[in-house]
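Below: the structure, in structure tokens.
Keep in mind the model is a prediction, meaning the values are calculated, not measured.
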Amino acid sequence: MASVTLEQVSKIYGDKGKTGNRAVKSVNMAIHDGEIISLLGSSGCGKTSTLRMIAGFESVSEGAIRIGDRVINQLKPAERNVAMAFEGYALYPPLTVSDNIAFSLLRNKVPRAEVTRRVRHVAELLEITDILQAYPPTLSGGQQQRVSLARALVRDADLYLLDEPMSQLEPQLRAVLRGRIKEYLIEHRMTSVFVTHDQTEAVALSDRIAVMSNGVLQQFASPADLKERPANLFVAGFIGEPAMNLMPARLSLRDGQLCAVVAAQAGSGEALRVSFGALDRIHPAAALHEGQKVHLGVRPHKVVLGHSPAGTQAARGTLAFNQWQGDQSHVGIDLGGHTLLVVTDGAVDVDADQPVTLGLPLQALHLFDSDSELALVHGTDLR
Ligand SMILES: Nc1ncnc2c1ncn2[C@@H]1O[C@H](COP(=O)(O)OP(=O)(O)O)[C@@H](O)[C@H]1O
Ligand SMILES: [Mg+2]
């Protein structure tokens, strides 16, 4: 077990000069001993490149990677004591599944009886006991993937690197295995890095999630912090399903009160005005100025539909659409030409174009600077 540190790590494919493809850009990250983290982002954002640099399958173009306190940039993969499950990191076809999983333990002279017990244990965990005597070429993609995962999890490594390790499994099985794998990792205090593009998976597995976009680490934080305190507009829009409502607005700082005003799309009226209260509750208020262009954010689940209970600010709009999803309603509310999405548990009995009252909880509101795209204020910080 060990901590892992990335210092200004970049990956440049091809020519290191101007023509090279900078796939990972100056990433800084400190993963604690025993921590489970995920690299999360859409396809091509640099997750696999980052993982492969930690594993040693790709050179580090710039910066340093440490495991514990030793820099490992120049070490071969086998010298890093890292266990991996990667797409394309093949099983040995002439060995049975059991022998594939046992291979590195036997090489490290772990006693036979213990090897048998540990192989059995991970096989049960991943539901592959029935194929332990089979040969890899006869297995389905999902089975091969679980064998790869078992082969990594059974090892005594400093670090476990798992790149989309359950991508080929049925959703139900994936959900079950996710829970079991997490328990196993915690029980054995295994420092682990998952790569995934599935935020549900990242949230379920991870202590912290590193959100990446276009080679840049956007935020590295707990699932709760990513939701409640997104660092910028990208993370705000990326984390959470359906996405956070983000409306262009202007700040008003009159009488020591911070308000955000959303202008109507047509004409000169106001579509929405919300108050964040006295300016002296906000730190650092110095970053705010009158008329500043901002984005006002609120998550669809947080908006109260039909009334504005204590602790919320009332707004009025008209119903634009109302979609029953089987277990919840997705309701669009027109606010001066902007559509605010609201998600509620029950069915909603309102017809199109009818007036609707909304309740906006202060704690669910966010402000982002429209130019820098950085977060300015989170309602949760104002309690
Ligand atoms: N071996 C390679 N040679 C050149 N470009 C690569 C190579 N591997 C990945 N890339 C490029 O680097 C970027 C990041 O890719 P990757 O790390 O695989 O992203 P992700 O795992 O997030 O989908 C992409 O633009 C991809 O095309
Ligand atoms: Mg990838």
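Side-chain contact between Arg178 and Phe194: absent, with no pair of heavy atoms (C-beta onward) separated by less than 4.5 Å. Met53 is not listed as a side-chain neighbour of Ser59, based on a closest heavy-atom distance of 4.5 Å or more. Residues Gln292 and Arg250 are not in side-chain contact: their nearest non-hydrogen atoms beyond the backbone lie 4.5 Å or more apart. Between Gln168 and Glu87 the shortest side-chain heavy-atom distance falls below 4.5 Å. Contact of the Val262 side chain with the Leu335 side chain is not registered, since no non-hydrogen atoms from C-beta on lie closer than 4.5 Å. At least one side-chain heavy atom of Ser167 sits under 4.5 Å from a side-chain heavy atom of Gln145. Residues Ser49 and Glu58 fail the side-chain proximity criterion, which asks for heavy atoms closer than 4.5 Å. A 4.5 Å side-chain heavy-atom check between Leu279 and Leu288 finds at least one atom pair inside the cut-off.
More than 12 non-hydrogen atoms from other residues, nucleotides or ligands lie less than 6.0 angstrom from NZ of Lys182. Few gaps surround CG on Asp130; more than 12 heavy atoms of other groups in view lie less than 6.0 Å from it. In this structure, Asp69 places its CG atom where only 12 or fewer heavy-atom neighbours from other residues, nucleotides or ligands lie under 6.0 Å away. Surrounding CD of Gln74 are at most 12 heavy atoms belonging to other residues, nucleotides or ligands under 6.0 Å away. Within a 6.0 Å sphere centred on CD of Gln354, heavy atoms belonging to other residues, nucleotides or ligands number more than 12. Asn108 CG: more than 12 foreign heavy atoms inside a 6.0 Å radius. Atom CG of Asp349 is surrounded by 12 or fewer heavy atoms from other residues, nucleotides or ligands within 6.0 Å.
Checking Leu126, Leu177, Val122 one by one against Leu149, the side chain to side chain contact (heavy atoms under 4.5 Å, CB included) holds for a single residue, Leu126. Paired with Glu62 under the rule side-chain hydrogen bond (donor to acceptor under 3.5 Å, both in side chains), one option of Lys11, Gln8, Arg22 passes, and it is Arg22.
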Q: Could you walk me through whether Leu258 and Leu253 pass side-chain contact (heavy atoms from CB on, under 4.5 Å), step by step?
A: CA-CA 5 Å; Leu258 173 64; Leu253 307 184; 3.4 Å; yes
If you apply the rule side-chain contact (heavy atoms from CB on, under 4.5 Å), what do you find for Met190 with Leu153, and how did you get there?
CA-CA 9 Å; Met190 293 155 76; Leu153 294 182; 4.0 Å; yes
message = Run Ile101 and Ile128 through side-chain contact (heavy atoms from CB on, under 4.5 Å) and show every step you take.
response = CA-CA 11 Å; Ile101 299 172; Ile128 49 174; 4.0 Å; yes
TODO: Kindly determine whether Lys302 and Gln363 satisfy side-chain contact (heavy atoms from CB on, under 4.5 Å), including the steps that lead there.
DONE: CA-CA 9 Å; Lys302 298 281 189 177; Gln363 287 175 15; over 6 Å; no
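Checked by atom type and distance alone, the side chain of Asp369 never pairs as donor or acceptor with a backbone atom of Leu374 at under 3.5 Å. The backbone N or O of Pro309 lies less than 3.5 Å from a partner atom in the side chain of Thr312, making a donor-acceptor pair. Using modelled atom types, no side-chain atom of Asn100 and backbone atom of Val147 make a donor-acceptor pair closer than 3.5 Å. Lys47 contributes a side-chain N or O that, together with a main-chain N or O of Gly41, makes up a donor-acceptor pair within less than 3.5 Å.
Ala249 and Ala260 get closest at one heavy-atom pair: CB-CB, 4.4 Å. Of all heavy-atom pairs spanning Gln199 and Phe238, the tightest one is NE2-O, 2.7 Å. Smallest separation of non-hydrogen atoms from Thr138 and Tyr135: OG1-O, 2.7 Å. In terms of heavy atoms, His301 sits closest to Gln328 at NE2-NE2, 4.3 Å. Scanning all heavy atoms of the two residues, the minimum distance from Leu39 to Met29 falls at CD2-CE, 3.8 Å. Here the shortest heavy-atom pairing between Thr191 and His32 reads CG2-O, 3.6 Å.
The ring-ring contact (aromatic ring centres under 6.0 Å, His included) search around His366 returns His378, not counting sequence neighbours. Scanning for side-chain contact (heavy atoms from CB on, under 4.5 Å) contacts around Asp280 gives Ala278, with sequence neighbours left out.
The distance from atom CG of Leu272 to atom CG of Leu296, rounded to the nearest 0.5 Å, is 6.0 Å. Here the CD1 atom belonging to Ile54 is positioned 14.0 Å from the CZ atom belonging to Arg66, to the nearest 0.5 angstrom. A distance of 10.0 Å separates CD of Glu201 from CG of Leu40, quoted to the nearest 0.5 Å. Interatomic distance, Asn81 CG to Ile67 CD1, rounded to the nearest 0.5 Å: 8.0 Å. Once rounded to the nearest 0.5 Å, the distance linking CG of Leu217 with NZ of Lys25 reads 12.5 Å. Asn245 CG to Leu365 CG: the interatomic distance, rounded to the nearest 0.5 Å, is 11.0 Å.
Phe57 does not carry Arg52 over the face of its six-membered ring by the limits of under 6.0 Å from the centre and within 45° of the normal.
Note on Val24 and Leu51: same hydrophobic cluster, where clusters join Ile, Leu, Val, Met, Phe, Trp and Tyr whose side-chain heavy atoms are under 4.5 Å apart, directly or indirectly. Hydrophobic cluster membership is shared by Val211 and Val203, with clusters built from Ile, Leu, Val, Met, Phe, Trp and Tyr side chains linked at under 4.5 angstrom. Both Leu125 and Leu105 are assigned to one and the same hydrophobic cluster, defined by single-linkage of ILVMFWY side chains at heavy-atom distances under 4.5 Å. Residue Leu358 is not grouped with residue Val261 when hydrophobic side chains (ILVMFWY) are merged at heavy-atom distances under 4.5 angstrom, including chains of intermediate members. A continuous path of ILVMFWY side-chain contacts below 4.5 Å connects Val154 to Leu106, so both sit in one hydrophobic cluster.
Side-chain contact, Gln219 with Asn232: no donor N or O sits under 3.5 Å from an acceptor N or O. Neither side chain, Ser275 nor Gln313, offers a donor N or O lying under 3.5 Å from an acceptor on the other. Side-chain contact annotation: Ser42 with His197, donor-acceptor N/O pair under 3.5 Å absent. Looking at Arg208 and Ser222, their side chains never bring a donor and an acceptor atom within 3.5 Å of each other.
For Asp158 and Arg80, the salt-bridge test fails: no basic side-chain N is under 4.0 Å from an acidic carboxylate O. The pair Arg180-Glu127 counts as a salt bridge, with a side-chain nitrogen and a carboxylate oxygen less than 4.0 angstrom apart.
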